[in-house]
Number of protein chains: 2
Amino acid sequence: MDPRFITYLEKTLKEVSIDCVIFGFHEGELKVLLLKWKGTEWWSLPGGRIYLEESADDAVVRILQERTGLKEIFLQQFYTFGGNDRYKNTPSQGLREKLEQLFGDDFYDEKYMKRNVSMGYMALADFEQAVTTPDWYTDECKWWEISAIPELLFDHNEMIERALKALRRQLSYQPIGYNLLPEKFTMPELQRLYETILGKQLDRRNFQKLMLSYDILEKLPEKRTGGAFKSPFLYRFDKEKYDKAMQDEILFSV
Amino acid sequence: MDPRFITYLEKTLKEVSIDCVIFGFHEGELKVLLLKWKGTEWWSLPGGRIYLEESADDAVVRILQERTGLKEIFLQQFYTFGGNDRYKNTPSQGLREKLEQLFGDDFYDEKYMKRNVSMGYMALADFEQAVTTPDWYTDECKWWEISAIPELLFDHNEMIERALKALRRQLSYQPIGYNLLPEKFTMPELQRLYETILGKQLDRRNFQKLMLSYDILEKLPEKRTGGAFKSPFLYRFDKEKYDKAMQDEILFSV
DNA sequence: GCAAAAGTGTTAGCTATACACCCATGT
DNA sequence: ACATGGGTGTATAGCTAACACTTTTGC
């Protein structure tokens, strides 16, 4: 092996990991799945690493299934974090000690705990179907409202910010909802999803007209009963047309 | 160190690299900078690795400067390639032999040549200012017209496809041109840039109206002379307003 | 019967698009 | 003088955005 190349390889970064921003939607609120580290009050995003025989996308599918039990899920990488100060900006005191306690005294040895590059993936999960399960180094797994997320470990707050921005942009050229809503849903529910993601109010009538114009919804003869008001119709996505719109990246102007 | 964690680390991928799709614009054509491997007819994208003390963005700036001599350049990551078959799909025969010849007999040893994850960055370079320089393992550095790019090593053709798609999308919410055009340029030149990137013809009058409406251009009193026709006015980007539009991600509907 | 929420249609303003004539320049 | 390409304005269609009244339901 050319010695120049060996030197080069040894001087360069060799660590990659994955972090997932898993969005869910429940009771009119957009939520994110977070993990609490054992014996602490520190929260972080679920994540993991890529096995040698896996692709990065496979690894995310595996991680998501481990944390939510869901297999069919929308997922997409939104940014890869390659900063050299990603661990320095951690908000919590005593992190190093805690990590050494959790992982072993030599955790911060150069051999294992080099700074790394992290691929950020966002996922859209059906809140009602998800069965959340913590990691082996975390003891709680909880959905947090997007507006109430605490200070997280490392650069995970920034990751959520970016994921949300990517999700909003996504909304403008692809339909969203299939993986975030139950199979049957009402137009006001879909609207609330859009409003939550976009962070602004939309006009009821215009929203309905627009959504129907995309021709990806199927109006069902049933209605949702139980509310103290007029029963709204139920809708369902026409998966075939939905997937086509997804593929075509039709412009959705909301 | 917890033995479970050591096992986990050993079973996971640890290689990251960077590949750059450097766009230039010259004579009405969008071009990409490619490198030819020593003693072969194989072309690939310029790339490199991240030094331990660098951020990924720093590494790209360094790589770009090495290849083009340019320092002020627009750059942005567009996708991170994490497939587990990225080297398998190489088009050329005899690649392994050539790599061993170039890098040493043990190049394919597990220790160095594991499959890796690659961060794809796109860059917009001023064609006229760039002084291109090959790598230490390449002997030629050439701008290729986007429509005439040959079959490249590894998954680099796919990378260019994706970069171009990202560039087109970019066009719809951020201004483009500052880094691709010389300081002063004419409206038809700007239009040709847009047409080349979008791959379609635009109406001269509507294009001009639209561009001026964004209020990022400064009309200069000078004209470009030398053509066998009416001299067009020169324009310049108002850098401050341009940067603001860049920041705000105003919707540009071309 | 009343409060809360959902169903529905029309209009105005704006933006995107299509289009034509005149002007400057080099040959 | 003529061929080539550039400068400019207007009219139309289509889309977005604003807006009000009626209906259903549970309490």
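Only this structure's heavy atoms are used, side chains among them; waters, hydrogens and symmetry mates stay out. The shown structure was predicted, so the numbers you read here are calculated from the model rather than taken from an experiment. Lettering of chains follows the sequences in order, A, B, ..., and the numbering in each one begins at 1.
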salt_bridge(K241(B), E218(B)) N-O dist < 4.0 Å: no
Among dG6(D), dA6(C), dT16(D), which is the nearest nucleotide to the side chain of F229(A)? dA6(C)
Please state how far atom OH in Y214(B) lies from atom C1' in dT15(C), giving the value in whole angstrom units. 11 Å
Selection from dG5(D), dT25(C), dA5(C) that lies nearest to any side-chain heavy atom of K230(A): dA5(C)
By nearest nucleotide on DNA chain D, pick out whichever of G227(A) and R192(B) is the more 5' one. R192(B)
Nearest to the side chain of N206(A) - dA6(C), dC19(D), dT25(C)? dC19(D)
hbond_proxy R205(B) side chain to dA20(C) base (donor-acceptor, 3.5 Å cutoff): yes
So, Q170(B) and Q76(B): side-chain donor and acceptor under 3.5 Å apart, yes or no? yes
Do the charged groups of E183(B) and R236(B) touch, with an N to O distance under 4.0 Å? yes
Angle class for the W144(A)/W43(A) ring planes (parallel below 30°, perpendicular above 60°, tilted otherwise)? perpendicular
Which part of the nucleic acid, if any, lies within reach of K223(B) when heavy atoms closer than 4.0 Å are counted: base, sugar-phosphate only, or nothing? nothing
Is there a donor on the side chain of R204(B) or the base of dG7(D) sitting less than 3.5 Å from an acceptor on the other? yes
Rounded to whole Å, the NZ-C1' distance (K209(A) to dT11(C)) equals 10 Å
Are E161(A) and K165(A) close enough for a salt bridge, meaning some N to O gap below 4.0 Å? no
Quickly work out the L190(A) CG to dA6(C) C1' distance and round it to whole Å. 15 Å
How close or far is atom P of dG7(C) from atom CE of M187(A), stated in whole angstroms? 8 Å
Look at the side chain of K219(B) against the base of dT8(D) and say whether a donor-acceptor pair falls under 3.5 Å; ignore hydrogens and angles. no
Using whole Å, report how far CG of L202(B) lies from P of dT17(C). 9 Å
In this structure, how many angstroms lie between the P atom of dT16(D) and the NZ atom of K200(A), rounded? 13 Å
In whole angstrom, what separates E189(B)'s CD from dG7(D)'s P? 11 Å
Separation of dA17(D) atom P from M211(A) atom CE, nearest Å, is 13 Å
Nearest heavy atom decides the nucleotide; on that basis, is Y235(B) or D203(A) closer to the 5' end of DNA chain D? Y235(B)
